[in-house]
Protein chains: 4
Amino acid sequence: MNAVQHDCEFIRALFVRVRTFTEELARPLTDADATIQSMADASPAKWHLAHTTWFFETFILRAHAPGYRLHQPSWPYLFNSYYEAEGNRLARPARGMLSRPTLAEILDYRQAVNAALLEALPTFSPQVLMLVQLGCHHEQQHQELLLTDILHAFSCNPLEPALWSHDEPQTPDDPGEETPPIDWISSPGGLVDIGHAPSGASKFAFDCEGPRHKTYLEPFRVADRLVTNGEWLEFIADGGYRDPRLWLSDGWTWVQREAIEAPLYWRQSDNGQWTRFTLAGRRPVEPSQPVTHISLYEADAFASWAGARLPTEAEWEISAAPFSPERGQAATGPFTAKDARGFFGRVWQWTGSAYRPYPGFRIADGAIGEYNGKFMSGQFVLRGASHATPCGHSRATYRNFFYPHHRWQFTGLRLARDGA
Amino acid sequence: MNAVQHDCEFIRALFVRVRTFTEELARPLTDADATIQSMADASPAKWHLAHTTWFFETFILRAHAPGYRLHQPSWPYLFNSYYEAEGNRLARPARGMLSRPTLAEILDYRQAVNAALLEALPTFSPQVLMLVQLGCHHEQQHQELLLTDILHAFSCNPLEPALWSHDEPQTPDDPGEETPPIDWISSPGGLVDIGHAPSGASKFAFDCEGPRHKTYLEPFRVADRLVTNGEWLEFIADGGYRDPRLWLSDGWTWVQREAIEAPLYWRQSDNGQWTRFTLAGRRPVEPSQPVTHISLYEADAFASWAGARLPTEAEWEISAAPFSPERGQAATGPFTAKDARGFFGRVWQWTGSAYRPYPGFRIADGAIGEYNGKFMSGQFVLRGASHATPCGHSRATYRNFFYPHHRWQFTGLRLARDGA
Amino acid sequence: MNAVQHDCEFIRALFVRVRTFTEELARPLTDADATIQSMADASPAKWHLAHTTWFFETFILRAHAPGYRLHQPSWPYLFNSYYEAEGNRLARPARGMLSRPTLAEILDYRQAVNAALLEALPTFSPQVLMLVQLGCHHEQQHQELLLTDILHAFSCNPLEPALWSHDEPQTPDDPGEETPPIDWISSPGGLVDIGHAPSGASKFAFDCEGPRHKTYLEPFRVADRLVTNGEWLEFIADGGYRDPRLWLSDGWTWVQREAIEAPLYWRQSDNGQWTRFTLAGRRPVEPSQPVTHISLYEADAFASWAGARLPTEAEWEISAAPFSPERGQAATGPFTAKDARGFFGRVWQWTGSAYRPYPGFRIADGAIGEYNGKFMSGQFVLRGASHATPCGHSRATYRNFFYPHHRWQFTGLRLARDGA
Amino acid sequence: MNAVQHDCEFIRALFVRVRTFTEELARPLTDADATIQSMADASPAKWHLAHTTWFFETFILRAHAPGYRLHQPSWPYLFNSYYEAEGNRLARPARGMLSRPTLAEILDYRQAVNAALLEALPTFSPQVLMLVQLGCHHEQQHQELLLTDILHAFSCNPLEPALWSHDEPQTPDDPGEETPPIDWISSPGGLVDIGHAPSGASKFAFDCEGPRHKTYLEPFRVADRLVTNGEWLEFIADGGYRDPRLWLSDGWTWVQREAIEAPLYWRQSDNGQWTRFTLAGRRPVEPSQPVTHISLYEADAFASWAGARLPTEAEWEISAAPFSPERGQAATGPFTAKDARGFFGRVWQWTGSAYRPYPGFRIADGAIGEYNGKFMSGQFVLRGASHATPCGHSRATYRNFFYPHHRWQFTGLRLARDGA
């Protein structure tokens, strides 16, 4: 088997695995569950199912499979997300109006595109195969978004329905577990290399992860574990949400305007007990678990309160590289396995770095060039992977990004300090 | 059969007919169709189905059927509309988040409440029977709202799905029909009686329709037909939407802010042809049909343009009384039949009267008192009945009311002039 | 002296008196005071001074004084209020940006227009003289607005400056005065005439006050005095602002959204004492004084709480006619003198009547036709005159109007009840 | 004279010069000009005059001059900008309501504080002297803001008043001047030092300019001149404002929502000629002048259109250091003199760097710690100095910062490219 054949088989397996898993995630949803949109930042599950399919249809089948005919000519307008080069599209806040097509019709759409793509796959050039690979990683991003978006939608229903019966995508830590004191991972800093260096097809990365480049770091320390719910309860009890000196100015404005008093989905009952809404319904806040559903503003204020700071993305990457899932950790299930230090497989970790291009970054030609580059203002980088990140999706160089007020993702934090 | 028994049978038949018809209206809807909410003014079909049931459960079964247990204790919070006395409730704009309970669960709720109510019916006092009757007329209001709300929701879907295949609830006029010139119905005015005078159970009216009272009218004329689409096209062509002198000040602000250029759901294609979105999908604008989906502001501007004015509600009532559906017109179907002058069964007709209490009006005690009285500011009265108004629901004294910018109802107009 | 000469002298005296008084009102203001605009509903004092002058320049001098040249060609754009027929104009919320022209320049503008108008006055036809009279009454409206707008602006300054040293435009009642129980003024109702019937030039009325017409009233009673601060304190203490059953639905939404807990400008100190901000600075709330700075929503809720209702404008007019300032009451100063029942000279009184045209009302041709008619939606009628209403401005038929949430005017209420 | 005495004299001279110059800038303003506030981002001139004085009163006199009594105890509430540690303060958008105190009263306040401070100056420790120095540089920032804010306010007045008669603070280039092609300043990159290293009192810098630290740069080129109006006209003519592919996603949203078509204050007349509003009134757009009043979004889109990018702040600093005004350029007037390459004294230049802390940055203790650090989210760094930046205020390490949509400052751009 030559290299192209090898890549073709590799991509075929990836494609089948990813496409199947998306549908597994959506299986507990009714047509109505899959239709609703709870805020402009979120999308209906139905839309995620269709948009990821539109991506393959538009950038691969329509462009590279001669004779392919659109499944429904009116649907690209519905399921284009933000590709200006691909023409007009449904306004984002209107995605929740799509009671038609039905969920069943969208699953048919998926099957039709899957079949056409698998049939055409042997004819694709290496460049097109890489687009298919991109489409798979794109779909993995939407797998996590599907979960965070449905969590948000269900949280808006006073009945608080549960997506599934187990607590989270993965087995939680033993709830009785004690939180150990932080053991700092020290680094001397100096001139280091970060970012993705391209290699073979099996080493996928998004464009924004490169070019690999040098950067200079002062000596620093990064915590060997995540901030926990128990520590967050101390922050709350100490008045952390009411002390403006701890907050970025924009953060303080946000806290006051939105009357923020705890992480998203947390609620305190009359007897003082804290609970949080999860994909398995409302559950107690476990002190030993990593805190999640916090904004960058909250993460930054907590770090100030703790006499620490957020790591930069370079500091994080240097510290996390030994624990990267690529480094031989065996996959243990459909989601990213957690490593011993919690860099991967627990929560996305806010860094202190604004999401901006690396030196030498070039936006790709054509619509695919809109993938990442145009979002490089106003957002912050998160690193790691959450318990809801699909297995094989993240790595040490991965750059996730959200606006500093966003907290419906599985977002947490890890502390850092100056000096080794 | 004594009078109470008679009333009981009358109410039972009404109840069964109304409850059944609501479900017939909802039959073409998927669970997802029934879940979505396109704007804060509208409600999901599922919510209409449940709220009307909540009304019977709350004000009749819970209050007057000893031993009745709530179908689901958590649901009153979801399905209370605006009754402050009934406690907290879901914020109106969040009604579209109720993917659960499912449509099937809500239909079960309806059956359970129907069964309990029909069983308890023989035990009810005349006062409670009148509450059941009120609940039926309340549900008829929601029948029409269910249709106008789903029309609005479907209009927000670029695929523009059709609820059903026929053009409208009723057979339209022959599309080739010519519009005759207006023949004015003259009245000398003077001291007249308007409003509802209570009589037996078979003569239901809402509280706001009374007390019957005297009012003095100057001589006036009311048009013997509705304003048509063809006349509205002339108004558009003559620049009616661009001439501030024709508009109320609030209306002109609204036209400019919302960039209004035609009735709701109208669209002009590149070749100049006008179409409008209906429950049967997008259709041509038929010049001979009455114009609909216009605001009070548009109705008032059109009347100014036409050298006329809107009738007051008293003028309308005096003119329409001979055509009232109560006056022996045979019901020809589930919706109000249209009369020869179009007062009933075509479109609701904006009047120039603000919705305010009649002399001697008293708000009823208890939560039922919130039914009408508290809405008596900022809204205008509409009279008549549309093609989507259930048969038996309207009458000459009926006072419908909406804010002057509202136009997602089946709203049209009839002209009036001073002098007999 | 013939009739036209007589009218001419009458109008000349009125013009001189009104124009002078506006400047007296503005005398305590600095250029900066006269420039600021505290909300879109209010206008800077400077703008009132100029706009009233623009009215005379535009509708009289430019139209009827041959050879008149605009004082500044660029100013009509600045000082047109809402006359669409007069062309584009400065957006209302931007009026507060006019630091130039200076107050002194605007006073020069006033002098120039005064001189030109007085010179041309003898040449004017009776029709034009009536326009001058209209301009004078228009300016009197702005005299009161100037005071209410500067009161609002000063209330936004934490230093709470006082416009003048005396409490209010007029001597208040003896603060120790006891509030007597209400003595009801009964009326048998029946067919009555209300509204203005035109007579000579000395009997000015705005177009919306006519035509005089018949209306039928049920027997009713109107309170012989205004609701007082003391009664309002009871309403507050009894939870009036927290009980939704008392409120119109729109009012309850407003109370909650704006967190309304007392009349505008009222504040409760830590020791429980209530004060209110006035044109003379912050003062104690005197229980015997009529309550003011309340919205229609508050007035309506208070009336519900008191087991009463608001009078209709016809009921008010019938009851107040014997106390009308036209009926021989001697003017005692620059503001309307208060009558024994408080119909005039204390506060404007909300009625339960929406501001709509009287039967037979016709909008005048041309820009002057925009004066009143186009505002006839969404507003409620107030009757009477406040302590800040210029002497000679109001009368029993006078229809003032504001939106139901407005309360920066000197607005109060008088109760009414059904039955004589 | 010892070092402290020397510093004391140096600071005294700085203080007198800075305080005097602020008043010179305000001299053309009327009380009303100095009172108005045209948007929440801007402040009235009067407020700038008082706030800079409050800074000295609060952080120096009240804290370090025993026996000092506040000029007016109620004023700190008015003139605190954003120092949470200093207690409650007037909401920012309400600054335009301060018609009182008058401009004259605020000038008195300035004199009183000046006198007290100069009297106490000899008693101050070196630490307090450094606070005085900080207060002077703080006031210089407000000097430029005073000009940009009054420019914005005057732009909202349809009369478009001019602050002064000359075109800009400084003599413009010869309008006929030709724009030379860009000559690129190349740099090999590598490990470089940037940021401020503390030295004596004469070398002031803000806290955010340090610590001086190493950073690694790839080879790069920076343009030897600014982008001109002429080039911007080409960008407009080429459809730059209508091509989404050139824009950051947030920028494209902004362009569409705000209907942006040109730099702020630009206007195209019917004959196609472009003019722009300046402190000297409306003037022609001179093609040879550097473009100004553009947002980061516009700067970034222009750079994409030009096949270039924005420099990072490190690249800019390395390139500009030889031209820093500290390096011996003689001051030629009250504003920063322009250097041959336009790094200083023309426009602030957007960089591609988000405003974030340098490695090792620590927020100072107390209220002074709020000076810079809390603004380090969501903003971008600008470098250089504009024609309105006071002489002696900027330097190569200076970090100015604004949100990416801001453009009422004198903001322009300089292009950069990868590779030396």
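Proteins get letters first, then strands, A, B, ... in listed order; numbering begins at 1 in each.
Applying the side chain to side chain contact (heavy atoms under 4.5 Å, CB included) criterion to D:Leu131, with sequence neighbours excluded, gives D:Ile60, D:His64, D:Leu134, D:Ile368. A search for side chain to side chain contact (heavy atoms under 4.5 Å, CB included) contacts involving A:Ala94 returns A:Leu90, not counting sequence neighbours. Residues passing the side chain to side chain contact (heavy atoms under 4.5 Å, CB included) test with A:Ala40 are A:Pro93, sequence neighbours excluded.
The candidate with the highest count of non-hydrogen atom pairs below 4.5 Å against chain D, out of A:Phe220, A:Phe380, A:Phe375, is A:Phe380. If you tally non-hydrogen atom pairs under 4.5 Å between each of A:Gly360, A:Ala85, A:Pro357 and chain D, the highest count goes to A:Gly360. Of the residues considered (A:Gly419, A:Gly352, A:Gly251), A:Gly352 shows the highest number of contacts with chain D, using heavy-atom pairs under 4.5 Å.
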Considering distance alone, list the donor-acceptor pairs between chain A and chain D shorter than 3.5 Å.
residue: A:Glu84; atom: OE2; partner: D:Trp252; partner atom: NE1; Å: 3.4
residue: A:Ser249; atom: N; partner: D:Lys374; partner atom: O; Å: 2.7
residue: A:Asp250; atom: OD1; partner: D:Tyr403; partner atom: OH; Å: 2.4
residue: A:Asp250; atom: OD2; partner: D:Ser377; partner atom: OG; Å: 3.4
residue: A:Asp250; atom: OD2; partner: D:Tyr403; partner atom: OH; Å: 2.8
residue: A:Trp252; atom: NE1; partner: D:Glu84; partner atom: OE2; Å: 3.4
residue: A:Gly352; atom: O; partner: D:Arg356; partner atom: NE; Å: 2.8
residue: A:Gly352; atom: O; partner: D:Arg356; partner atom: NH2; Å: 3.0
residue: A:Arg356; atom: NE; partner: D:Gly352; partner atom: O; Å: 2.7
residue: A:Arg356; atom: NH2; partner: D:Gly352; partner atom: O; Å: 3.0
residue: A:Arg362; atom: NH1; partner: D:Asp418; partner atom: OD2; Å: 3.1
residue: A:Lys374; atom: O; partner: D:Ser249; partner atom: N; Å: 2.7
residue: A:Ser377; atom: OG; partner: D:Asp250; partner atom: OD2; Å: 3.4
residue: A:Tyr403; atom: OH; partner: D:Asp250; partner atom: OD1; Å: 2.4
residue: A:Tyr403; atom: OH; partner: D:Asp250; partner atom: OD2; Å: 2.8
residue: A:Asp418; atom: OD2; partner: D:Arg362; partner atom: NH1; Å: 3.1

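Both the backbone and the side chain of A:Leu248 come within contact range of chain D, judged by heavy atoms closer than 4.5 Å.
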